[in-house]
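Here the structure comes first, spelled out in structure tokens, and everything after it is commentary.
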Amino acid sequence: MEGEIHNFIVVWTIVLISLCYSHTIVKFFPNGKSRFVAIIPIVCLFFILPLYLTSINLGGTTSFFIAWLANFKILLFAFGKGPLSSIPPLPLSTFIPLACLPIKYQKYSTSDNVETTKKTTNSTLNLVTKITLLATLIRVYNYKDNLHPKLLLFCYCLHIYFFLEILLTMVSTMVRVASRVELEPPFDEPYKTSSLQDFWGKRWNLMVTNILRPTVYDPIRSLMLDRIPRKWAPLPAVLATFFVSGLMHELIFYYISREKPSWEVACFFIIHGVALSIEIMVKKLLNDKFLVPRFISGPLALGFIILTSFWLFFPPLLRGKPDVKGCNESIAFLEFVRYGKLVSPDNITCPFM
């Protein structure tokens, strides 16, 4: 545990230095190839750094923040696009958190006070609710041997949703207090989805959606506008976006488990890319004149997502027993906070698993 904490500090020190360098080069290199050549070593470095972390909580979060979010943002920055590009240039205090966290810059004004207060209250209530539900879910794991395997997988679905929303909301609060930078809402009530397009485009993991759109979807769609009819241009863009998402998920899973990729996760996202393309194509052919009622299309979409995740998403994720590993790491951290004693997670048995 002591070595992991040391590596974590070193990794993030290197990340901060690298982002300072990336912020500085705007003064010397214009947008385009020259800035891209100057930034590409940082991109390679950000893919390598997570390999020095082996824990679920520190390594998994770091790999998502720098290997995916930060890399995609600074690649956009190389060509004068994305959230890091601004005229005048962003101050370093904004550039760094904006680069490595799923956030958007938002200035507060007097007219926004009431709305901001309302959002903060709702966010606090939502956070407390999610923490309560996650704690209840963890207690359910005491009886995992008595649960049907499919029900247990459904519990893992809820666990991932609650954990991500809690984590990102807590980070949002700290960032908001420190620098007035507002975190992008991670989810928008995905259980209320009406279709696959609604789920993936507007409700689930919005920070990834918002970074994949300008890096993959928009360039591919623009490229295809001159080659195929305009209304069909989104289809190859959707397929390319889900393909890239699948590759990045495989990479994140590798950082977490250090096991050879099985490509099941990539297949999961390719299948959803195909399914979403078919959905878009049908809507365009019917000119949106015939729409399946929401109370039918919503459960069908959620059912398809859950069943395919049982089939392809969760098996490779759970092979390395990240639930047990993550629980042991959390207990080791609590032992350190309470007693100032570093204990290896390998020497701890999680009572909930």
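Counting only distance, with no hydrogens or angles, the side chain of S245 and the backbone of T241 share no donor-acceptor pair below 3.5 Å. No donor-acceptor pair under 3.5 Å is formed between the side chain of R139 and the backbone N or O of A135. Put simply, the side chain of R221 never gets that close to the backbone of L235: no donor and acceptor are under 3.5 Å apart. A donor-acceptor contact shorter than 3.5 Å links the side chain of E250 to the backbone of A266. Of the possible polar contacts, one joining the T209 side chain to the W200 backbone as a donor-acceptor pair under 3.5 Å is found. Panel note: side chain R35, backbone S22; no donor-acceptor pair is recorded below 3.5 Å. Side chain of S297 to main chain of S194: a donor-acceptor pair is present (N/O by atom type, distance under 3.5 Å, no hydrogens or angles). In this structure, N71 contributes its side chain and V43 its backbone to a donor-acceptor pair below 3.5 Å. In this structure, T94 contributes its side chain and L90 its backbone to no donor-acceptor pair below 3.5 Å. With hydrogens and angles disregarded, a donor-acceptor distance shorter than 3.5 Å links the side chain of E4 to the backbone of T54.
Distance check, rounded to the nearest 0.5 Å: SG of C267 to CG of L312 gives 6.5 Å. Once rounded to the nearest 0.5 Å, the distance linking CG of L133 with NE2 of H159 reads 12.0 Å. The CZ atom of F253 sits 10.0 Å away from the CD atom of E264 when rounded to the nearest 0.5 Å.
Between H272 and F242, the distance separating the two ring centers is not shorter than 6.0 angstrom. Ring centroids of F269 and F243 are separated by 6.0 Å or more, keeping the two rings apart. The ring of Y156 has its center no closer than 6.0 angstrom to the ring center of Y161. Ring centers of F36 and F77: at least 6.0 Å apart, outside the cut-off.
In the displayed structure, F154 atom CZ is contacted under 6.0 Å by at most 12 heavy atoms of other residues, nucleotides or ligands. Counting heavy-atom neighbours within 6.0 Å of F304 CZ, excluding the residue itself, gives a total above 12. At most 12 heavy atoms of other shown residues, nucleotides or ligands fall within 6.0 angstrom of atom NZ in K202. The neighbour count for K81 NZ, taken as heavy atoms of other residues, nucleotides or ligands under 6.0 Å away, does not exceed 12.
Linking ILVMFWY residues whenever their side-chain heavy atoms come closer than 4.5 Å, directly or via other members, places W311 and W204 in the same cluster. Cluster membership check: L16 shares its hydrophobic cluster with L45, using side-chain heavy-atom separations under 4.5 Å among Ile, Leu, Val, Met, Phe, Trp and Tyr.
A salt bridge is defined here as a Lys NZ or Arg NE, NH1 or NH2 lying under 4.0 Å from an Asp or Glu carboxylate O, and K284 with E279 fails to meet this definition. The existence of a salt bridge linking D198 and R203 is confirmed by a sub-4.0 Å separation between a basic side-chain nitrogen and an acidic carboxylate oxygen.
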Residue pair I305, L196: steps toward the side chain to side chain contact (heavy atoms under 4.5 Å, CB included) verdict: CA-CA 8 Å; I305 293 164; L196 290 177; 3.8 Å; yes
